[in-house]
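Written below as C-alpha cells is the structure these notes are about.
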Amino acid sequence: LVMHADEKPTDTHPCEGMLARHWSLEHQGRPADNWLSEVVRWTWRVKLLTRLQTDLLGALRERAEQEAIEVFANNLKDLLLAAPAGPKATIGLDPGLRTGVKVAVVDASGKLLDHGAIFPNPPQNRAHEARAALLSMVQKHGAELIAIGNGTASRETDRFVADLLKENPELATRKVMVNEAGASIYSASELAAREFPDLDVTIRGAISIARRLQDPLAELVKIEPKSIGVGQYQHDVSQVQLARQLDAVVEDCVNVVGVDVNTASIPLLARVSGLSKGIAQNIVTLREQRGRFRSRQELLEVPRFGDKTFEQAAGFLRIMDGENPLDASAVHPESYAIVQRIAGQQGRRLGSLIGDSAFLRQLDAREYTDERVGLPTVCDIISELDKPGRDPRPEFRMASFQEGVEKIADLRPNMVLEGTVTNVTNFGAFVDIGVHQDGLVHISALADRFVKDPREVAKAGDIVRVKVMEVDVKRKRIALSMRLSDQAGQSPSGRTDRGKQGQSRRGERQDGAGRNTSLAQAFASARRET
C-alpha cells in the first residue's frame with residue numbers, strides 16, 4: 001500500500017485508502033509502516049470486501065426473489081379470476097394420439113354423468129366411430145360446451161369437434177380450448193383419488209378440464225398453486241415464501257368471489273377466511289346428510305363451526321335461493337339489522353330493496369350510521385344491495401384459433417392470429433395461438449407506447465390479437481407483436497428486428513441493474529458494481 005501524497009497508487013483499491021485515512025495511517029518510513037499497510041490491504045480484501053459482496057448479493061437476490069414472486073402471484077390472481085363459462089352441462093376432452101381422447105361429461109354443478117374414450121386421431125383413425133360416440137353424448141346429456149385441453153393432439157381434436165358441430169348445426173353446443181396446466185397434477189392427487197376412486201387418472205384429467213371451463217376458480221384451488229406454472233424463475237426463489245404468498249392470493253380470490261355453500265367442494269370451502277379443512281369437511285358431510293342449507297344461521301349447527309368462525313366466514317359464504325335474500329349477498333349477518341332499518345324507514349319489503357338501483361341511489365347513507373356502524377360500512381352495504389352477489393369476474397369470452405394453423409411449421413411472418421395470454425413476465429407476455437408452443441410478445445412490442453409493466457397491457461387469460469414476427473422451427477421459438485402495424489423483418493423506424501432486439505436486451509440489462517427484475521439480472525448487476 002503506497003500512502004505518500006506525492007506518489008501514485010499502483011493497485012490500491014479506493015476503499016483501502018479510505019481505511020488508511022480513517023485510522024490516520026500514513027507511510028512515514030517507520031519499521032512498522034509496511035506491516036500496517038499490509039494489515040489495511042488484508043482488512044479490505046479479505047474481511048470487508050467479502051462481507052460486503054455477500055451482503056450485496058443477498059440483498060439483490062432477496063429483491064429479485066420478491067419481484068419474481070410478485071409476478072407469479074399477479075398471474076395466479078388473473079388466472080383464478082378468469083371468466084367462468086357458468087353452470088352448463090359440459091363435455092371435457094383430454095386429447096391424445098396413441099391412447100385416444102378421454103371424454104368426461106359433467107352436469108351444470110360439475111357432477112360426473114358419463115365418461116369414455118374415443119380414437120379420432122392417428123394412428124387408430126377411428127373418426128367415424130368417435131363422431132358417433134361423441135354426438136351421442138352431446139345429445140343424451142344436452143351438453144352446451146365442449147372443453148378441449150390444449151395439450152398433445154389438441155388442434156387435431158379441435159378440428160374433429162369443429163367438423164362434428166358443422167355437420168350437426170342443430171346442436172346448440174360450442175367448443176372451447178382450455179389451458180390444461182395442472183390437470184395431470186390434480187388427476188394423480190389424493191383428492192382426486194378420494195373423489196373418483198374407480199376412475200383412471202386420464203378420465204379424472206378430462207373431468208378437471210370440463211370443470212375448469214365452468215368455474216376456473218373452483219377447480220384450480222384443488223391444485224397446488226406452484227404447479228400451475230404461470231410465473232418466472234419460480235424454482236429459484238424461496239419456496240416457503242412463494243407458497244405463503246400464493247396461498248394468500250388464492251384465499252383473497254376465493255373471498256372476493258364468494259362461495260356457494262350448497263355446491264362448493266371441500267378444497268374451495270377450506271380457502272374461505274376462517275375455515276379449515278376439518279370444518280370444510282364437516283360442512284360437506286352435514287350437507288350430504290341433511291340436504292342443502294336454507295340459511296346462514298344453519299351453519300352454526302356444523303360441528304366446530306362456532307361464533308368466532310361464523311363471524312369471520314359468514315360474509316363470504318352464499319346461500320342461493322334461501323330463506324333470507326341477504327344470504328346470497330356479501331352483506332354480513334351482523335349488518336342485516338341496518339338493511340332492515342332501511343326497509344322499515346322507507347316502508348319497503350326487504351326483498352324489494354335488492355337490485356332497485358334508482359331507489360338505492362337516492363338514499364342518504366349518513367341517516368343510517370350510529371356509534372357502531374360508520375359511513376363506509378353503510379355505503380358498502382347499499383352498494384352490495386344494488387348488485388347483490390355480483391361476480392367480480394369478467395364476462396366469458398373465448399379465443400378463435402385460425403383453421404389450418406395447427407403446428408409451428410404452419411406459421412408465416414405477418415400472420416395475424418387470435419390467442420390467449422397464458423403467462424406475463426417482466427420482459428413480456430406469452431400467448432397461446434394454438435400451435436402447442438406459446439409465442440412471446442416482448443415488452444417492446446406490447447403497445448405503441450412505452451410500457452413499464454407488461455400487466456398494464458396484458459393479463460393471464462386475456463384474449464388478444466397478435467402478429468407473427470419471426471418463427472424458429474428448429475428451436476421452437478415464436479416472436480409475436482401486439483402492434484399489428486409492425487412488419488416482420490423491419491421495425492417501424494426501418495431498423496431490422498435483430499438490431500431492435502439487441503437494443504431491447506441492452507434495455508433489459510439496464511432495467512435489471514435499476515430494478516432487479518430477475519435473478520440473472522440482479523447477479524449481473526452485482527458483479528458489475530463490485
Check the pair Phe401 / Val435 against side chain to side chain contact (heavy atoms under 4.5 Å, CB included), numbers first and verdict last. CA-CA 9 Å; Phe401 294 140; Val435 294; over 6 Å; no
In terms of heavy-atom contacts, does CD of Glu167 have more than 12 from other residues, nucleotides or ligands at under 6.0 Å? yes
Asn414 side chain vs Ala488 backbone, donor-acceptor pair below 3.5 Å: yes
SB check Arg211 Glu195 (cutoff 4.0 Å): yes
Crowding at CG, Asp321 (>12 non-hydrogen neighbours, <6.0 Å): no
Do any N or O atoms from the side chain of Arg296 and from the backbone of Leu317 form a donor-acceptor pair under 3.5 angstrom? yes
Salt-bridge test for Asp260 and Arg292: reply yes if a basic N is under 4.0 Å from a carboxylate O, no otherwise. no
Taken to the nearest 0.5 Å, the spacing of Asn282 CG from Ile266 CD1 works out to 9.0 Å
Kindly list each side-chain donor-acceptor pair under 3.5 angstrom involving residues 197-207, sequence neighbours excluded, with atom names and distances?
residue	atom	partner	partner atom	Å
Asp200	OD2	Thr202	N	2.9
Asp200	OD2	Thr202	OG1	2.4
Arg204	NE	Phe196	O	3.3
Arg204	NE	Leu199	O	3.3
Arg204	NH1	Ser187	O	3.0
Arg204	NH2	Phe196	O	3.2
Arg204	NH2	Leu199	O	3.2

For the atom pair NZ (Lys277) and CD1 (Ile279), what is the distance rounded to the nearest 0.5 Å? 13.5 Å
Has Arg98 got more than 12 heavy atoms of other residues, nucleotides or ligands less than 6.0 Å from its CZ? no
Quick one: do Asp158 and Lys175 make a salt bridge, cutoff under 4.0 Å? yes
Less than 4.5 Å apart, any side-chain heavy atom of Gln487 and any of Lys467? yes
Note, Ile148 side chain near Val161 side chain (heavy atom, < 4.5 Å): yes
Among side-chain atoms of Thr422 and Asp438, is any donor-acceptor pair under 3.5 angstrom? yes
Can a donor-acceptor pair be found between the side chains of Glu219 and Gln214 at a distance below 3.5 Å? no
The test is side chain to side chain contact (heavy atoms under 4.5 Å, CB included); show your working for Ile118 and Phe160 and say whether it passes. CA-CA 11 Å; Ile118 57 178; Phe160 161 75; 3.9 Å; yes
Between Arg455 and Glu70, does any NZ, NE, NH1 or NH2 come within less than 4.0 Å of an OD or OE carboxylate oxygen? no
OG1 (Thr90) and CD (Glu144) are apart, to the nearest 0.5 Å, by 7.5 Å
Between Glu67 and Arg63, does any side-chain N to carboxylate O distance fall below 4.0 Å? no
